[in-house]
Amino acid sequence: MTAVATVATEDWTLWSTSARLVVTDPAVLPEARRIADAVLDDIELACSRFRPDAEVRAKAALFPAGALVSDTLADLMRLALASAAETDGDVDPTLGNALDAIGYDHDIRLILDDGVPVRAIASPRPGWASVRLDGNRLTVPAHLGIDLGATAKAAAADRVAARIATELGCGVLVSLGGDIASAGPAPAGGWQVLVQDAPLDPSAHVTLAEGLALATSSTQKRRWTKAGRPQHHILDPASGLPAEPVWRSVTVAAETCHRANTLSTAAIVRGHKAVAWLRELGVPARLVDADGIVVALGGWPDDDRSDAPEASETPEASETPEAADAGAERSFL
């Protein structure tokens, strides 16, 4: 007798990273993918820095005086400002100009070293504190540029998972780069996830209960050079430059992917201070330092190992037929 599949998986490339969709009812996979595409297209059209027709670019000249924005952009900005408030500005949605200045001014796959030295852009007043969002009216000072890269992808994972579970009544896991969200009933034994940033990094196998999320932030991914000097995409708002790579990667589990990613990104920015901060918050977290040493906090399972992922395991948290991608990691089911 042929075994009946309990989950179905689809992988594709999205936003210069990998996307993975896993559902507990194989029959609904095509409709689940349609829902995912609709949600992701809506978010990209609202906030992509690399699409001239994206709302955040098309209305940029209007923001200093205040502009009405779509519900999608307003919701994403609201989440981004909440992340900034929770992290005392370490996750700041107004670093668009600073990212441009260090060379991240178009798709990561197209960046070439132009030989021009890095130009740091930092504001004496935290940029996010100067932003106003009243209903759908967004006001941003002219010297600031909106960049929602630190929060929108995680929010997208949450939205896709929630909408699929609600509309199709199945369990779902969504992985967008390093951001994993789940909703609805999990498979028997929970969602099995392998967390690993780079092939030779220590790995961790974890079980993600239904409705929980996981996010990884990394100083190893989205890298390029400018004037011969290495750069990465997580900026320290205080300096306008890439955060010191104290941590190769930080992974956090939380009730939403948005919050998990907020904390993992802020941990990269905080460097050594992140350990005490995450411990005080009590969230499950896994930090891998520059030498590959793992620091596990908040009840993170103590099963790290340095071998490569097994093909039989579930993902950028890693990859197999039944898994999801966790950016700095991969997920396997």
Side-chain angles (χ1 to χ4, degrees), residues 1-15 17-46 70-72 74-76 78-79 151-195 205-215 252-261 284 313-327 329-333:
M1 179 180 295
T2 303
V4 178
T6 57
V7 295
T9 303
E10 186 166 348
D11 297 283
W12 68 100
T13 299
L14 178 77
W15 303 338
T17 188
S18 56
R20 174 163 286 186
L21 172 64
V22 188
V23 293
T24 56
D25 180 357
V28 305
L29 182 59
E31 180 63 11
R33 174 62 192 273
R34 186 197 65 77
I35 292 172
D37 286 344
V39 172
L40 297 171
D41 288 349
D42 183 50
I43 288 175
E44 180 179 9
L45 193 55
S70 65
D71 289 344
T72 298
D75 289 344
L76 292 173
R78 199 166 286 112
L79 288 172
T151 54
K153 182 158 61 68
D158 285 329
R159 282 192 176 199
V160 171
R163 184 168 165 188
I164 290 173
T166 298
E167 294 190 16
L168 303 182
C170 63
V172 57
L173 183 142
V174 177
S175 177
L176 304 175
D179 301 327
I180 297 175
S182 68
W191 299 105
Q192 302 303 308
V193 177
L194 170 63
V195 179
H205 298 255
V206 299
T207 299
L208 195 63
E210 62 185 52
L212 291 183
L214 197 68
V252 174
E255 64 280 4
T256 68
C257 194
H258 167 252
R259 184 161 194 264
N261 188 71
E313 300 292 339
T314 318
E316 258 153 32
S318 291
E319 310 265 345
T320 65
E322 259 80 82
D325 165 13
E329 296 89 300
R330 307 177 177 184
S331 309
F332 299 78
L333 306 179

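Please read these numbers as outputs of a predicted model, since none were measured by experiment.
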Quiz item: Do His258 side-chain atoms and Thr151 backbone N/O form a donor-acceptor pair below 3.5 Å?
Solution: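 Absent.
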Practice problem: Kindly say whether Gly171 contributes a backbone atom to a donor-acceptor pair with the side chain of Thr24 at under 3.5 angstrom? | Solution: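 Indeed, once roles are kept as given, a pair shorter than 3.5 Å links the two residues.
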Just jot down the side chain to side chain donor-acceptor pair (under 3.5 Å) partners of [X], sequence neighbours excluded, or say none.
X	result
Asp25	none
Asp41	none
Glu255	none
Thr207	Gln192

What residues form a side chain to side chain contact (heavy atoms under 4.5 Å, CB included) with [X], not counting sequence neighbours?
X	answer
Ala181	Ala157, Asp158, Ala161, Cys257
Ala156	Trp15, Leu40, Ile43, Leu176
Ala162	none
Ala32	Leu21, Val23, Ile164, Leu168

Quiz item: Checking side-chain contact (heavy atoms from CB on, under 4.5 Å) for the pair Ile35/Glu167: CA distance, chi angles, key distance, verdict?
Solution: CA-CA 9 Å; Ile35 292 172; Glu167 294 190 16; 3.4 Å; yes
[X] vs [Y] side-chain heavy atoms within contact, under 4.5 Å:
X	Y	value
Thr72	Arg159	yes
Ile180	Trp191	no
Val206	Leu208	no

Quiz item: In chain order, what residues pass the salt bridge (Lys or Arg N to Asp or Glu O under 4.0 Å) check against Asp37, with sequence neighbours excluded?
Solution: Arg33
Quiz prompt | With Glu210 via salt bridge (Lys or Arg N to Asp or Glu O under 4.0 Å) - residues at least two apart | solution = none
Quiz prompt | Among Thr17, Asp179, Asn261, the one residue meeting side-chain hydrogen bond (donor to acceptor under 3.5 Å, both in side chains) with Lys153 | solution = Asp179
Self-check item: Minimum heavy-atom distance Arg78-Asp75, with the two atoms named
Solution: NH1-OD1, 3.1 Å
